[in-house]
Amino acid sequence: MNAIVGLCHFCELHGPRTLFCTEALHAPLPQGAGLGDGLGQGEQAEDEEGGIQMTSRIRSHSPIDGTVDSSSPGPKKSDMCEGCRSLESGHPGYISVDKETSIKYVSHQHPNHPQLFSIVRQACVRSLSCEVCPGREGPIFFGDEQHGFVFSHTFFIKDSLARGFQRWYSIIVIMMDRIYLINSWPFLLGKIRGIIDELQGKALKVFESEQFGCPQRAQRMSTAFTPYLHQRNGNAARSLTSLTNDENLWACLHTSFAWLLKACGSRLTEKLLEGAPTEDTLVQMEKLAELEEESEAWDGSSEEDVKCNTKNDLVEGNKLSKCSTDASLLSECSWNEAPTRSAVFRSLRHMRQVLGASAFHVLAWHVLMGNQVIWRGHDQDLIQSAFDVLKAMLPVGCVRIIPYSDQYEEAYRCNFLGLSPAVQIPPHIASSEFYVLVDVRAATRSNLYPVLFVDDGPLSKYEFVVTSGSPVAVDRGPTILSKIEAALTNENLSVEVVDQCLICLKEEWMNKVKVLFKFTKVDSRPKEDTQKLLSILGAAEEDNVKLLKFWMTGLSKTYKSHLMSTVRSPVSSESRN
Amino acid sequence: MCRGNVKASSHLRSHSKMGTDCCRLSDVWKLRMLELLALDAHIHRTKNSNFHIQQVPRIQHPKNSWAHAEFDSKNIRLIVYQDCERRGRQVLFDSKAVRKIDETNAQKTSQETTVKTYRNACLVSSNGKYTVSSHSSCSSTPDKKEHLPRYQYIRPASDVNMLGEMMFGSVAMSYKGSTLKIHYIRSPPQLMISKVFSARVNSTSVSTSTLQDSFEVISNESSLGRQCLNQNNLGIFHLYCGRLLPGASDAGQLRFIRSASFFAAHSTPVDMPSRGQEDKDSGIAHSASLSSLLIPSFPSPGSSLSGGSSSSYQRRWLRSQTTSLENGIVPRWYTEETFSMADESCSSNPAIVRRKKIAISVIFSLSEKDDANRHFQDFFFSHFPLFESHMNKLKHAVEKAMISCRKIAESAQRVQFYIGRVMDALGEFRMIVWNLYCAPRITEPVWLSMMSSTSDRNSLCQRFLKEFTLLLEQTSKNQFLAALLTAVLTYHLAWVPTVMPSDHPPVKSFSEKHASKSVDMLAKSHPYNPLWAQLGDLYGAIGSPVRLARTVVVGRRKELVQRILFILTYFIRCSNLQENLLTWGVRTDEGEQVLAGSDITTALEKGEVEESEYVVVTVRNEPALVPPILHQPRSDTRLCSVPESASPKDNPAGVKVRTTHETSIKENCELCIPTSLCLDNPQSDPMEVVSGDIKLCREQNSPQQFVKREIVMNVSKAGPFNIDGFPRSENRFSETELCGESVTRMSQHLAVKSGSLDRASPALPCPKRSSHRSPFVQRVKFQIGSSLSPDSDFESRRRDIDAKMHEFQSQHGSRISSCQKTSMSASLIKRGNFTQDQYEASGVCSTSQRKKTICYSRIPSCEAGASIFDEYFIDSTGDETLLQSGLSSNPCEQFKALNETENYQIKPLPKADRTLHSKHQDKNSSLRTADFCKEKDIMGSIKHAPHSGTEKKVAFPSKKIIPRNVSSDSALGDSDDENGTQEPTPHDTSQQEANSEQIPLPLPRSDVTSQPNETNFGRSLFGGYCSTYLPDFVLHGTRSDEKMKQTLMADLLHTVNHPVLDEPIAESVCIIADTDKWNVQVASSQRSVVDSNKIGQDALISSLVTSLLQSLLQLYKLNLSPVFCMMHLEDQLQEMYLKSKMLSEYLKGHTRVHIKELSEVLGIESSDLPLLAAIASTHSPYVAQILL
């Protein structure tokens, strides 16, 4: 809790005095700020910045050497008596580090920070000599925005030598967050009351033993006429340590205050829910898990490295859409200055421009439907970039890429296949309508492309021939395709918008896929119902249905198994009606 | 006199009536929820008729945690006090000293009263001549006039003097702003909350004196009340016959002064990505002021969060930063809130400001019953922001009353006016507080219930969908639900973070959403107030600019209204709060905990498996003073520290495990102890027990292997680490080796060796070892981490040491004697003597002691075993866990830990022990000598094994805990040996980390016991069907909007002016769903409605919401399972979030939104824009700037 806990004393000679303060020092940056891998960073940051910051603060104000500079807020030594002092001068104070939270609890007689010193000082004065608490012992809350808010509990400690046989103390808790402090009132009251009880108990024992040995009252009665002040002079300044006869009192209070701060700060916790991960995230995680398993089976010792690598890969993959667009942005910007770039597709929009709208339409249609997309050419980078760009249209789970191969690979192994130019497409494939082939050839004429794309230097040396077994695709297509095309066409929309757009569209359709999966695979509903469902989902057209069926293969195992296990049995739940 | 009073009192009356009613309401609601299905069936049958209102029979005693008939709103007292430099203190108002005289029962009242009337002037003639309506808006009902109450002052209460002291304090503070105070008065139990303001007195020539005078006691006017006249008498209005204040205008114009720096703290680091302030022409009426209210993106790593809950995270992080104390205080806003005693219109000369303070105090009389008292206090302190807000309202009303009463020339009339007004305000306050506390609640908010209970989720989903779809069909024609839901989703934005896709894999099953880890970590490293966060969530104040929203469902058909309320509790979301009771335990080096001062209860329980009995030990109340774990310069070996820590009388420190731990402890701690031993209690003679046990031991304890097996099982049960804490045969060799060599070497050996658990060599006969043996015969289960009889524990521990010595001796006797012959050192010889002594002196009882020890020492190890599960240790490093596990169950590890801390101190035996064990005097003394020699040994070992020293300690400060003089008692009795304990050893100081010039002290280990928190806003601010409109509830239903029409606008403005969230609020909004007229309106603090028929503006209907509702309905009709439908609903909400992401991305590049572009691509329509923009404002603050 972001608070200062202090013990104050009303010294008979010096008035209200702060005896002991425990502060909580937090790392300047929140833990795990970077999420996931940020844990290490956070810790590092804390060690570096926080450490430095805190040490410098502590050092600069530390009265350790006894060479307290004049600006130091602490009261002059001459103003201090035993009763006003907790730690001996030169005592460095106490520190406790909560490793888990990296909060440090530091105790001194006074806070070192000058502003905090005066805050605590003011709170102390108010607690012991301004604010009125009925019965003088008890809890009270006071404060304002400027001086902070204070929960204070005043109490007496028995002292056989003090006037009235008791001394007045208070434990204060100072916060800037008044709501938090007030919310914590019942808790603080209980805990502080407990501390006070024990202090009082200790002091009472001392008191009783002292009374037993030398009854002060009788003595005082006998010397009733001597001036009171004179009499008590010698013992006026008894320290709390001696009043409680506990040498370790301050260490004990430090621990207790630190504990109080910790317990109060973690008294209430909230459970805050996040949304379910997207299907893409889930699939990527599953892939990661698979890789881990593989590597485990492979070799136990290098497991860590593999894990790290794959993790990194996947993390990158996760942000790939973003990164690639960033990169493309960059490259677009710097295009004119550095025209000698390798020939790659930078974005879907770029590809659409290069291929032309209709060719792109055909290509995209096949991509979305799950047909095999074959790129054949020399330039592996180009083909890789094409796949990177195209796969953004599909859920991660639907993407199986063989980036470059010297022989044809069957469709069940990959829906994106890169081939060297020499490879022939097997006849049974060539005759089917479930593939699209893009041949990357050297351009025959330089003016193949419209003037618009002159700056696409590297790509202009190629021409792209799109062949497809299916002539149907051209005029119609799934709903999502027309939306994607609309987004790509509209130059008003930046690349980032298009990316977001693709994410939205994919999620929208994956949600439909989920329903369909649940309906057909889990519940095994009859066909009529399915048709009804499809129209509800706005996916009754043939192409949409095809698309949904293909995308269903991309559902994460997590999701599927969950549906199979827990959400099953509508019958049983229905029966509860 | 004042019509308002009638109103107020009738309100009160009706509310007290409602107090009885509300139980019924909640019954109805509960029952209804229970019988929902049947009801639904019924409704289906009567579908074609209109809505069917079910008659539900009452239940007599409903469990409604919120209905507390105990609370009487009359127990709220208002005092207004003035503290003037010149004239001292005067009471300006005290509701306790005001008597209401209704004309109708005036006679009765006067008969009852024996109190002298204070002034003639207060006895108002009964002809109603002075009646001034306090509600000008209602002044058109003249027929009520006869019942208007008159007020009179009676003798001021005896405590006002004291209360004044409390309010102002004994020393005047020079601070100009307002001060907040809370006092608790023990008897009679009262809670007083005060606000002290600097009075802002008009300083024009006219008013300087008169204004002050007018509120003060004028004694020369009347001699009637003279006997009561003193400083503390109730101030009465001066019969001021002077002229009225010139230019007095409507008091409604009064407002609190806020300095220009009000928002200053918030306007500095506004980080607007890609867009500056150039959007001035974007049609934002309030852009200038609003932009300063946008949540500034603090330079924090959180802003780069891609994770799910970035906005929630941001908000919480920001809060923890703005309320931070660490680097000094930066006042967040300067609320120069003063108390206006004059119209603003004449406050032209601020130079002459009198030093005068006004305190407004509200005193709650608490019930004498502890339960009711605590309940109210819990409620009050957790709901303090709401109380405070209403207090501000009250203050405002008092202000107004003071100023406007001056318009009245005639004094008696003015007094009546003033009192009437203030009483009205108090009545309102009382009513609101009463309602806040007692109004019916929705007992089962859907979202929170789904979140907390996993078992019930299916049926809850089903119930929810039933309700939802039924409503959908009901309202399909008028789009009522779509409009309502659009508004709710637009303003109560806390649902957005709950659908933001997370980066983490789901924890359990898929549908179980998971808690945000980043927020969780933030809460740990930078604690903020979860209650505050929850309140903000509920009010939807998480967007930018911050808007605060409430929803009221109005309608005569209660069933219908309740149905809608129920539905909405799914969409109005907040975090779920949990209460954690942190208990500390000092782990000694054996993993045991110091025990003392605890309230220990024991009970015998039948064992589940065997025919044995278990002793169930419950420990309550840990001591508040946490014993420090000091680093002592001298050694404190196990042998002596154990008895010390074992003695409860000497240790206030406590072992504390809550009963809620029961199950886990049960699992973890299957302690095997002879029952006879456990039945042993302090009263019984320990020796008797011992002798009784001897036979038992003799008979059954011979095979150690048996013991071994038992232990392995137990320990593995206790934690993830399968620790074989048992001496193996080779360890025996090490023992003998040890004996043959110097003990120094031994400990060195240990220190080196102990890293590996299974090689654990119990070379030192430390008592811990005993914990691993002799579980046999019968099992005793220790539910809670302490034994029933600490004394006997100590005893047994002592004996166990003996036993071990004995055993040791018997096994390696020859070696030991050879050791002695070699005479390595004096200490060693002593030690040998010790063992031999033991062998000779206590041959018989030692066996039993060993047995008995289990009672004690096993427990802590189990505790520690359980603590391995504790999250606090899970993320520790491997080393640490090793150490930890060692602490828990491995004697050598413990020794190592001891060794590492380098702080051992000789502890003489505590008194109690001495007396207890007087029979063992010689044994004790030998123990002590053993202590000494061991100390030396260890010192030696430290010298030789510096590697095991402080660096470890620095790394894991909290892990090493040495049982120490924790208590005052021990210090009292035996302090002779502990001096200079706080001095760090040279080792310590030299090896401390750079930042710890301070002496490091480890924090005690913590155990967390969690339980759901009940007094949180998620449970309290979802109101049920209330008798009247209430301004606090996030959601509630009411019969009519009549009252709302009167006060809504003022409420909204008040919310903005006095934000309950303690942060600037840009706009306050109320969604009003009228089920009678089937319309949904949104009232805002920023728009005043011109049309008198309307409360607010009609809500838009988002097509996204419409299609969401439609598809949900269709899917449900297709008989998809409810759980799946809910998942689908969540998916669709997530789609909305994603679309808002796209919109925000789009807005980065566009000043104008071209709807066509959006709809073409994404199906976003203009009706969706406000909703999506609001969603976007939670993750992309700049959106508001562009769109607003």
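Labels below follow one simple rule: chain letters A, B, ... track the order of the sequence lines, proteins then strands, and each chain is numbered from 1. Just so it is clear, the structure is predicted and the values come from calculations on it, not from any experiment.
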Tell me, for [X] versus chain B, whether the close heavy atoms (under 4.5 Å) come from the side chain, the backbone, both or neither.
X: A:I103; value: side chain
X: A:S129; value: backbone
X: A:Y105; value: side chain
X: A:I179; value: both
X: A:D197; value: neither
X: A:R126; value: side chain
X: A:M175; value: backbone
X: A:L253; value: side chain

Go through [options] and name the one with the most non-hydrogen pairs under 4.5 angstrom from chain B.
options: A:L199, A:T278, A:N490; value: A:N490
options: A:G265, A:G138, A:G194, A:P134; value: A:P134
options: A:E270, A:K532, A:E507, A:K483; value: A:E270
options: A:C501, A:A263, A:A24; value: A:C501
options: A:P186, A:P139, A:G143; value: A:G143
options: A:V497, A:T269, A:I140, A:I4; value: A:T269

With a 4.5 Å heavy-atom cut-off, do [X] and [Y] have their side chains touching?
X: B:L582; Y: A:W259; answer: yes
X: B:V1008; Y: B:L581; answer: no
X: A:N2; Y: B:S320; answer: no

What part of [X] is in contact with chain A, defined as an atom under 4.5 angstrom from a non-hydrogen atom: side chain, backbone, both or neither?
X: B:N1013; answer: side chain
X: B:E579; answer: both
X: B:Q1110; answer: neither

Any luck finding a side-chain donor-acceptor pair between [X] and [Y] under 3.5 Å?
X: A:N511; Y: B:E1135; result: yes
X: B:N529; Y: A:D177; result: no
X: A:H91; Y: B:Q998; result: no

Under a 4.0 Å threshold between the charged nitrogen and the carboxylate oxygen, would [Y] count as salt-bridged to [X]?
X: B:R319; Y: B:D1062; value: yes
X: A:K104; Y: A:D98; value: no
X: A:E496; Y: B:K1148; value: no
X: B:R573; Y: B:E1130; value: yes
X: A:R178; Y: A:E145; value: yes

I'd like to know whether the aromatic ring centres of A:W250 and A:Y94 sit less than 6.0 Å apart in this structure.
no
Please test A:F141 against A:W185 for side-chain contact (heavy atoms from CB on, under 4.5 Å), starting from the C-alpha separation and ending with a verdict.
CA-CA 9 Å; A:F141 171 95; A:W185 169 300; 3.5 Å; yes
I need the residue from [options] with the largest number of non-hydrogen atom pairs under 4.5 Å to chain A.
options: B:L1115, B:D378, B:L577, B:L1118; result: B:L1118
options: B:W532, B:Y1146, B:Y528; result: B:Y528
options: B:H1128, B:R374, B:Q578, B:H183; result: B:Q578
options: B:R186, B:M162, B:K1139; result: B:R186

